[in-house]
Amino acid sequence: MHTQDHEPDHDHQVVPPDPALRTKALESLLVEKGIVDPKALDALVDAYENKIGPRNGARVVARTWVDAAYRKRLLAVPGAAIAELGYEETQGEHMVVVENTAKVHNLVVCTLCSCYPWPVLGLPPVWYKSAPYRSRAVIDPRGVMREFGLELAEDVEVRVWDSTAEIRYLVLPERPAGTETWTEEELAALVSRDSMIGVVKVSATSGGKA
Amino acid sequence: MSASDLTKSELQPDPERLASLPSLPRDQGGPVFAEPWQAQAFALAVRLSAEGHFTWKEWAAALADELKAAAQRGEPDDGSRYYEHWLAALERMVTSKNLSNPAEMDARKEAWADAYRHTEHGKPVELRKTK
């Protein structure tokens, strides 16, 4: 049971849906018996990390750039707006979309573990799950972003959002300059996973390769 | 040994093998997944085959059977349940190769569900030791 005012660290995990549990069961049995090497499995899944989900998030973002009414709906009721594009809502967690502007930049972290809006962003990248990111994103967000090549002006306010069992955040990046005539599809190709976590911005030359 | 010792080409199935699979959801860069477990199930089949537990041809045939059965049940053929069929084919395959069995898989599934229910947020979900 989840309630709004629950302490996050007293919450229990959400039980994944049946196919996810069966996959986990099969994997753990085969690993335990020494039939498959977990490292080889992980490496294979990592190789496809960017193939899961981020395209969903990118399409959501691109739609907000070409459709102001959709943007409003997404900011107001994210779950329903995401479902409009045919993507599944999260497993009972509440989705919140935070909007970047010229004066505000948002960054998402999960200091406790690695909560992540995977229906829109796919598997979390390895660095997102790492202890240094989880602690430093809160203490020194500008320093973290600088390592990703993002230098923010001093007068830009940085907001760091800490994900919990119930709340997952998606950063809505700003539409890059020089893309006024671009189609929705072309725009979607620009939106990287990292820009929706908030460690980078989208630029007209960023390309969609995560 | 770490996973990074394995090169990408050793790990990833070549395009020809992927192309032999019936209606695999993919783009120019390879297969695409809607949810993490799908990539997990994909990786399991690829690794089991790479380790010689079954040939890729056997796998493609098992998957085709499962997809055909779904079509005969009248399920829409829009790819939305592709990985559910993939998983069902994989469960059947590991059973037929004596790598596991339905009772064992079912018990393990319940154990994981239980572990999720009893693990606090922020802690890794681990199976509890059973006697």
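Order of the sequence lines fixes the chain letters, A, B, ..., with proteins taken first and strands second; residue numbering starts at 1 for each chain.
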Measure the [atom1]-[atom2] distance between [X] and [Y] for me, rounded to the nearest 0.5 Å.
{"X": "A/Asp37", "Y": "B/Arg47", "atom1": "CG", "atom2": "CZ", "answer": "7.0 Å"}
{"X": "B/Lys97", "Y": "A/Ile35", "atom1": "NZ", "atom2": "CD1", "answer": "13.0 Å"}
{"X": "B/Phe42", "Y": "A/Thr23", "atom1": "CZ", "atom2": "OG1", "answer": "13.5 Å"}
{"X": "B/Leu90", "Y": "A/Leu26", "atom1": "CG", "atom2": "CG", "answer": "5.0 Å"}

Distance-minimising heavy-atom pair for [X] and [Y]:
{"X": "B/Lys109", "Y": "A/Leu21", "answer": "CG-CB, 3.7 Å"}
{"X": "B/Ser100", "Y": "A/Leu29", "answer": "OG-CD1, 3.7 Å"}
{"X": "B/Tyr116", "Y": "A/Lys24", "answer": "OH-CE, 3.2 Å"}
{"X": "A/Val45", "Y": "B/Ala43", "answer": "CG2-CB, 3.8 Å"}

Turns out that what part of A/Lys33 lies under 4.5 Å from chain B's heavy atoms comes down to side chain
Is any side-chain heavy atom of B/Trp112 less than 4.5 Å from a side-chain heavy atom of A/Ser28?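 B/Trp112 vs A/Ser28: side chains touch.
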I'd like to know whether CD of A/Glu185 has more than 12 heavy-atom contacts from other residues, nucleotides or ligands below 6.0 angstrom.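 Open: at most 12 neighbouring heavy atoms sit under 6.0 Å from CD of A/Glu185.
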Option passing side-chain contact (heavy atoms from CB on, under 4.5 Å) with A/Arg22 (candidates B/Glu84, B/Glu91, B/Met105):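 Exactly one pass, corresponding to B/Glu91.
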Of the backbone (N, CA, C, O) and the side chain (C-beta and beyond), which part of B/Glu104 lies under 4.5 Å from a heavy atom of chain A, both, or neither? both
